[in-house]
**Student:** 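Encoded as structure tokens, here's the structure I'll be asking about.
Hydrogens, waters and symmetry mates play no part in the numbers below; they use all other heavy atoms, side chains included.
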There are 2 protein chains.
Amino acid sequence: MAEKTSQTDAEPIPPQDRKGRAEDIVQILRKRIADHELPPGARLQEVELANQFNISRSAVREILGTLEQRGLITRVPNRGAVVAKLEFKEIYEIFDVRVALEGLCVREATRRAPPEVWLPHIERFGDDMERAIEKGDIARYSDALEDLRKETIDWADNSHAAHFLDLVLDKTHLIKLRVTLLPGRAAAGRKMHLEMLHFMRSGDAANAELTKKRIIRSARDWLERYRSFIL
Amino acid sequence: MAEKTSQTDAEPIPPQDRKGRAEDIVQILRKRIADHELPPGARLQEVELANQFNISRSAVREILGTLEQRGLITRVPNRGAVVAKLEFKEIYEIFDVRVALEGLCVREATRRAPPEVWLPHIERFGDDMERAIEKGDIARYSDALEDLRKETIDWADNSHAAHFLDLVLDKTHLIKLRVTLLPGRAAAGRKMHLEMLHFMRSGDAANAELTKKRIIRSARDWLERYRSFIL
DNA sequence: GGCCACAACTTTGTTGACATAAATGTTCCT
DNA sequence: AGGAACATTTATGTCAACAAAGTTGTGGCC
């Protein structure tokens, strides 16, 4: 076995910046788990992580604690931590929660933001995007979607909803991507999002919310239809 | 100063039951914080807690970590943990989240549970309860409400929604109680819940959901009106 | 040859000591 | 007296060693 697992970071060890560093490492691991770079079932060994990030075992332990709270890993006593598996049922649970919370965020964002906020997004989801999707440039759509989501949550100004959405989106990040990649999904999603954005622009919070809910439910239906492909 | 803060528990220290014990202590502290037995701003000192529960400081540390994740305490570096304060804004945020998630739970519970499940609750919220409330027996109403909430969440069968509701209800537990104690609120709440229960009994998930949402929004309005009393 | 028992090894759990930062108390100088 | 610098105290942050549990490998016995 190799002497040491590669150290991602070999800085001169800042003196008392432990706290912030731990926070950073949580983000890194969140991303790796969300992207399945650490796939479900993968073991997270304390000493290995300690070496990898050049931190002490107790720091690793604390980090594992927060990842456990977030539901990203499960710890079995005396056996360590593994990346949590996402049960089928959980996926549907999360869709329902997303319908509720993202709907809330769209509604509130529509109420709070000045209408012109949505103009750049309407532009971005327009004809150019339609052509890009037709050519298979799904990443562009996905990026636009992500930016819109961020801005919406920002304007919704509800830290609790934002936090909870953060938690569930970590778990279903990859599934969301895969659904977007399904043939025809991006085109359908673009159209509906454009519709939603027009409601937002005109300040029609109720219809914006309904449309967002329809979008998420529709994504769930696509997942259901193609589930053998995606899971 | 006293030698030792009183030990709540002086068992012979079970051998390797650390994990479960820590979990218990989290529940205890959750309750104490929710009830304001530990009021906002109260300090939680590590050694003190360690003595009180007869556990090691690192165990306390882990417990404080989970309480922090739950948003019940805030930790400032090198200064320790204090019970988190609930800002005005947060209360409104939580009401909105509750409308979304409890609405979801009522809808799904209505869909999943056999209708007769709600009969005992309808009974319980009936005329007897009306008279009890008139006589000022608010506790009885509050208990019935709590049982209904638990059964609803149970039948809704959405662990994510249940978890998130757990988190926010810890924070607003006391406020919820105080609103219930406002003159007239319990009577109004009873009536609306009875209405909701009839929808649930007849399997009308959509109207049950709408009614639940109306109930929570109404509670928010009461809070707003009497906020100088409650906060 | 299969299987149980035992032993070595690996990994997590726990404890206590030490380091460091903030708060408090004290002293000395103006 | 007032205040700044310093010392003390108190609590948290960090680390490394030790203990316990689990896993794996080996050997003997039937």
Side-chain angles (χ1 to χ4, degrees), chain A residues 1-7 9-26 29 33 38 41-69 72-84, chain B residues 1-7 9-26 29 33 38 41-69 72-84:
Chain A
M1 189 187 280
E3 294 281 293
K4 234 180 179 178
T5 45
S6 67
Q7 283 179 211
D9 200 331
E11 290 160 31
I13 312 166
Q16 177 80 356
D17 197 22
R18 274 282 178 253
K19 189 88 179 182
R21 175 123 186 78
E23 203 57 43
D24 291 346
I25 295 175
V26 168
L29 291 177
I33 293 173
L38 290 169
R43 293 189 61 183
L44 295 178
Q45 293 199 1
E46 298 182 352
V47 285
E48 187 181 330
L49 291 174
N51 292 336
Q52 198 171 136
F53 293 109
N54 207 29
I55 57 180
S56 69
R57 239 189 81 206
S58 44
V60 171
R61 229 139 193 297
E62 195 174 322
I63 290 169
L64 291 180
T66 82
L67 291 178
E68 184 183 23
Q69 287 292 318
L72 294 179
I73 65 173
T74 60
R75 291 168 104 177
V76 286
N78 296 312
R79 302 231 354 223
V82 298
V83 177
Chain B
M1 186 188 282
E3 295 278 294
K4 230 181 184 179
T5 45
S6 68
Q7 284 180 208
D9 202 330
E11 291 160 32
I13 313 164
Q16 176 80 354
D17 198 23
R18 267 341 209 144
K19 191 85 179 184
R21 175 127 186 77
E23 201 58 42
D24 292 345
I25 295 174
V26 168
L29 291 176
I33 294 172
L38 289 170
R43 294 190 61 184
L44 295 178
Q45 293 200 1
E46 298 183 352
V47 285
E48 187 180 331
L49 291 174
N51 292 337
Q52 198 172 135
F53 293 108
N54 205 31
I55 57 179
S56 70
R57 236 189 83 206
S58 45
V60 170
R61 230 139 193 296
E62 196 174 319
I63 289 169
L64 292 180
T66 81
L67 291 178
E68 184 183 23
Q69 287 294 316
L72 294 178
I73 66 173
T74 60
R75 292 169 103 176
V76 285
N78 296 313
R79 302 233 356 228
V82 298
V83 177

**Student:** Just checking A:Leu44: base, sugar-phosphate only, or nothing, at a heavy-atom cut-off of under 4.0 Å?
**Tutor:**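 If one applies the 4.0 Å heavy-atom cut-off, A:Leu44 turns out to touch the sugar-phosphate alone, with no base involved.
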**Student:** Can you tell which of C:dT11, C:dG13, D:dT12 lies closest to the side chain of A:Arg43?
**Tutor:**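 So the side chain of A:Arg43 is nearest to C:dT11.
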**Student:** So, the side chain of A:Arg57 versus the backbone of A:Leu49: is there a donor-acceptor pair under 3.5 Å, distance only?
**Tutor:**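 No, A:Arg57 side chain to A:Leu49 backbone: no donor-acceptor pair under 3.5 Å.
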**Student:** Measure CG/B:Asn54 against P/C:dT15 and give the value in whole Å, please.
**Tutor:**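 About 10 Å, once rounded to whole Å.
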**Student:** Expressed as a whole number of angstroms, how long is the span from A:Arg21:CZ to D:dC15:C1'?
**Tutor:**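 Rounding to the nearest Å, CZ of A:Arg21 and C1' of D:dC15 are 17 Å apart.
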**Student:** What is the distance, rounded to the nearest whole Å, between atom CG of A:Leu49 and atom P of C:dT11?
**Tutor:**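 Distance, rounded to whole Å: 12 Å.
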**Student:** Just how far, in rounded Å, is C1' of C:dT12 from CD of B:Glu62?
**Tutor:**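 It is 12 Å, rounded to the nearest whole Å.
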**Student:** Below 4.0 angstrom from OP1 or OP2 of D:dC15, is there any side-chain N or O of A:Ser56?
**Tutor:**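 Indeed, a polar side-chain atom of A:Ser56 lies that close.
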**Student:** Tell me, do A:Val83 and A:Leu72 make a side-chain contact under 4.5 Å, heavy atoms counted?
**Tutor:**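 Side-chain contact under 4.5 Å: no.
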**Student:** Taking atom C1' of D:dT14 as reference, at what distance in whole Å does atom CZ of A:Phe53 sit?
**Tutor:**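 These atoms are roughly 19 Å apart.
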**Student:** Considering only side-chain heavy atoms of A:Asn78, which listed nucleotide, D:dG22, D:dG13, C:dT15, is closest?
**Tutor:**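 So the side chain of A:Asn78 is nearest to D:dG22.
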**Student:** To the nearest angstrom, how far is B:Ile55 atom CD1 from C:dT15 atom C1'?
**Tutor:**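 Spelled out: CD1 on B:Ile55 to C1' on C:dT15 is 13 Å.
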**Student:** If you check every side-chain atom of B:Gln45, which of C:dT12, C:dG13, D:dA11 has the closest atom?
**Tutor:**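 Nearest nucleotide to the side chain: D:dA11.
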**Student:** List for me each residue that meets side-chain hydrogen bond (donor to acceptor under 3.5 Å, both in side chains) alongside B:Ser58, sequence neighbours excluded, and say none if there are none.
**Tutor:**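 Scan of B:Ser58 (side-chain hydrogen bond (donor to acceptor under 3.5 Å, both in side chains), adjacent residues dropped) gives B:Ser56.
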**Student:** With hydrogens left out and only the distance checked, is there a donor-acceptor pair under 3.5 Å joining A:Arg75's side chain and the base of C:dG13?
**Tutor:**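 Answer no: no donor N or O sits under 3.5 Å from an acceptor.
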**Student:** How many Å lie between CG on A:Leu64 and C1' on C:dG13, as a whole number?
**Tutor:**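 Between C1' of C:dG13 and CG of A:Leu64: 13 Å.
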**Student:** Rounded to whole Å, how long is the line connecting atom CD of B:Glu46 with atom P of C:dA21?
**Tutor:**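 The answer, rounded to whole Å, is 16 Å.
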**Student:** Name the closest nucleotide to the A:Arg79 side chain, picking from D:dG22, C:dT12, D:dG13.
**Tutor:**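 Of the options given, the side chain of A:Arg79 lies nearest D:dG22.
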**Student:** A side-chain contact here means heavy atoms from C-beta on lying under 4.5 Å apart; do A:Leu29 and A:Phe53 qualify?
**Tutor:**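 SC-SC contact between A:Leu29 and A:Phe53 confirmed.
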**Student:** Considering only side-chain heavy atoms of B:Arg57, which listed nucleotide, C:dG13, D:dA11, C:dA17, is closest?
**Tutor:**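 Shortest atom-to-atom distance from the side chain points to C:dA17.
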**Student:** Inspect the surroundings of CD in A:Glu46 and state if more than 12 heavy atoms from other residues, nucleotides or ligands are less than 6.0 Å away.
**Tutor:**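 Result for CD/A:Glu46: enclosed.
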